[in-house]
Colleague: 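Encoded as structure tokens, here's the structure I'll be asking about.
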Amino acid sequence: MPELPEVETVRSGLAPLVVGSTVTDVEVLRASCVRLQAGGQGEFSANVLGMVLGAVARRGKFLWFPLVLKTAEGARHGGVVVPPTRALSAHLGMSGQFRVFDGEPPEPHPHCRVRLHLDAPGGGRVLDFVDQRTFGYVLTEPMQPTSDGFAGGHGSTLPTLPRTVAHIARDALDPALDDARVIAGLRRGSRCIKHVLLDQTVVSGIGNIYADEALWAARIHPRRPAQTISAAQARNVLAAVRDVMAKALARGGTSFDGLYVDVNGQSGYFSRNLAAYGRAGKPCHRCGAPLAHDRIGGRSTHWCPRCQRSVAWTLSRD
DNA sequence: AGTAGCACCTGATTGC
DNA sequence: TGCAATCAGGTGCTAC
């Protein structure tokens with residue numbers, strides 16, 4: 001399942017292959033993947049066709065390509081152009097991938113939902129959005145200012161965000177993340193801490209796997225109500241989130257070749273070394289106790305019943 | 001306002 | 001063997 005490290009690996013792999021390319025043709029192979037586009041697939045295609053992909057940007061698990069228009073005037077001055085007012089946004093859901101093919105493209109994979117034909121230097125190139133379980137989507141949407149006026153996402157220097165990304169908090173690896181705000185968010189409300197970590201409006205990029213990993217590292221029981229977490233514990237949780245994400249990114253970023261930008265099925269995903277997720281009944285790497293497993297907030301959750309015992313919560317006052 | 005729960009979807013796995 | 005139920009996952013939406 002693509003979480004922040006996987007999506008960042010996709011973003012950084014994609015950028016050198018597609019930025020600056022013009023979209024010369026659009027094939028929507030499955031209409032439901034543009035379900036968030038108000039005007040349907042016709043509007044999607046019309047908004048993308050002829051536009052230049054200006055960048056590949058990301059906040060949390062959300063990706064977008066600012067759409068710029070290459071004008072004759074702009075071309076005379078060596079390139080850009082019109083500041084992007086619209087973006088092609090994409091979310092990988094739980095199984096989405098982007099793949100790039102140069103030259104004569106193969107038949108689209110059965111799970112290919114959208115194929116963009118690009119005008120790449122030296123010949124044709126296609127960008128496929130492949131998504132087996134169809135939780136992912138693409139759409140075009142307007143860009144709007146960020147709430148703090150700073151650059152809206154990794155890979156972008158613009159203080160703007162696509163509409164569907166505007167309500168998402170900065171992510172765990174964002175240098176502009178407001179730690180105090182996140183720590184306050186992790187300590188607020190009756191929801192259990194596992195659920196709060198998955199709330200993309202507190203801090204974004206965390207999915208089910210890294211939520212379990214971070215709580216294991218911080219030794220916090222996933223059922224612990226947020227409002228019982230001390231400030232020090234919340235700081236530890238945030239530090240653990242950053243740590244597991246950074247380590248995963250360091251691993252995922254090394255195993256991609258240029259033309260096959262993978263997210264899920266291949267080495268990036270399976271080479272994760274996980275201490276908690278998926279290890280129900282196996283010994284804890286710290287204490288050897290068998291890890292527990294249950295559904296928390298509708299999500300499969302794994303933890304060490306010995307190391308993460310702090311369920312006997314009391315309201316803390318620090 | 002904050003929280004809970006469901007819909008969305010497909011393929012792999014498990015149970016009868 | 002065949003079919004049905006279950007599970008996995010993130011987000012958007014609706015209903016308390």
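All values derive from a computational prediction rather than experimental measurement.
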Colleague: Check the distance between B/dG5's P and A/Arg191's CZ and give it to me in whole angstrom.
Modeller: 13 Å
Colleague: Between A/Asp171 and A/Arg59 (salt bridge meaning N to carboxylate O under 4.0 Å), is one present in this structure?
Modeller: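 Salt bridge flag = no for A/Arg59 with A/Asp171.
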Colleague: Answer yes or no: does a side-chain N or O of A/His111 lie under 4.0 Å from OP1 or OP2 of B/dG11?
Modeller: yes
Colleague: Considering every strand and a 4.0 Å limit on heavy-atom distances, what is the contact class for A/Arg133: base, sugar-phosphate, or nothing?
Modeller: base
Colleague: Using whole Å, report how far CZ of A/Arg188 lies from P of B/dA1.
Modeller: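 My rounded result for the distance is 13 Å.
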Colleague: What pairs of residues pass the ring pair (Phe, Tyr, Trp, His ring centres under 6.0 Å) test when at least one of them lies in residues 149-204 of chain A, not counting sequence neighbours?
Modeller: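 Counting only pairs at least two positions apart or across chains, no ring pair (Phe, Tyr, Trp, His ring centres under 6.0 Å) contact touches residues 149-204 of chain A.
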Colleague: In plain terms, say whether A/Asp294 and A/Lys194 are close enough for a salt bridge, that is, a side-chain N and a carboxylate O under 4.0 Å apart.
Modeller: no
Colleague: Please give, in whole Å, the distance from B/dG5 C1' to A/Ile296 CD1?
Modeller: 17 Å
Colleague: Under 4.0 Å, counting only non-hydrogen atoms across every strand here, what does A/Arg30 touch: a base, just sugar-phosphate, or nothing?
Modeller: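 It contacts sugar-phosphate atoms only.
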Colleague: Look at A/Arg58 together with A/Glu8 and state whether they make a salt bridge at an N to O cut-off of under 4.0 Å.
Modeller: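 Looking at A/Arg58 and A/Glu8, the cut-off is met.
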Colleague: Please work out which of the three classes, parallel, tilted or perpendicular, describes the rings of A/Phe98 and A/Phe65, given edges at 30° and 60°.
Modeller: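 The rings of A/Phe65 and A/Phe98 stand perpendicular, inter-plane angle above 60°.
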Colleague: Can you tell me how far C1' of B/dC9 sits from CG of A/Leu92, to the nearest Å?
Modeller: 16 Å
Colleague: Describe the nucleic acid contact of A/Ser32 in one word from base, sugar-phosphate, nothing, applying a heavy-atom distance below 4.0 Å.
Modeller: nothing
Colleague: Using a strict cut-off of less than 4.0 Å between a Lys/Arg side-chain nitrogen and an Asp/Glu carboxylate oxygen, indicate whether A/Asp102 and A/Arg125 qualify as a salt bridge.
Modeller: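 Here A/Asp102 pairs with A/Arg125 in a salt bridge, since their nearest N and O are under 4.0 Å apart.
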Colleague: If the cut-off is 4.0 Å, is A/Ser190 near the phosphate of B/dT3, judged by side-chain N/O to OP1 or OP2?
Modeller: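 For B/dT3, OP1 or OP2 has a side-chain N or O of A/Ser190 closer than 4.0 Å.
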Colleague: Which residues satisfy the side-chain contact (heavy atoms from CB on, under 4.5 Å) test with A/Ala275, sequence neighbours excluded?
Modeller: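 For A/Ala275 the side-chain contact (heavy atoms from CB on, under 4.5 Å) partners, ignoring immediate neighbours, are A/Glu213, A/Trp216, A/His285.
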Colleague: Mind checking what makes side-chain contact (heavy atoms from CB on, under 4.5 Å) contact with A/Pro66, not counting sequence neighbours?
Modeller: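 Only A/Ala55, A/Trp64, A/Pro84 meet the side-chain contact (heavy atoms from CB on, under 4.5 Å) criterion with A/Pro66.
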Colleague: When every nucleotide of nucleotides 10-16 of chain C is labelled 5' to 3' by its protein contacts under 4.0 Å (heavy atoms), B for base, S for sugar-phosphate only, - for none, what sequence of letters results?
Modeller: BBS----
Colleague: Linking Ile, Leu, Val, Met, Phe, Trp and Tyr by side-chain heavy atoms under 4.5 Å, what else ends up with A/Ile296?
Modeller: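 Besides A/Ile296, the hydrophobic cluster comprises A/Trp303, listed by chain and residue number.
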Colleague: Quantified as the angle between the terminal helix axes (five pairs each), what is the overall bend of the helix from B/dG2-C/dC16 to B/dC16-C/dG2 to 10 degrees?
Modeller: 60°
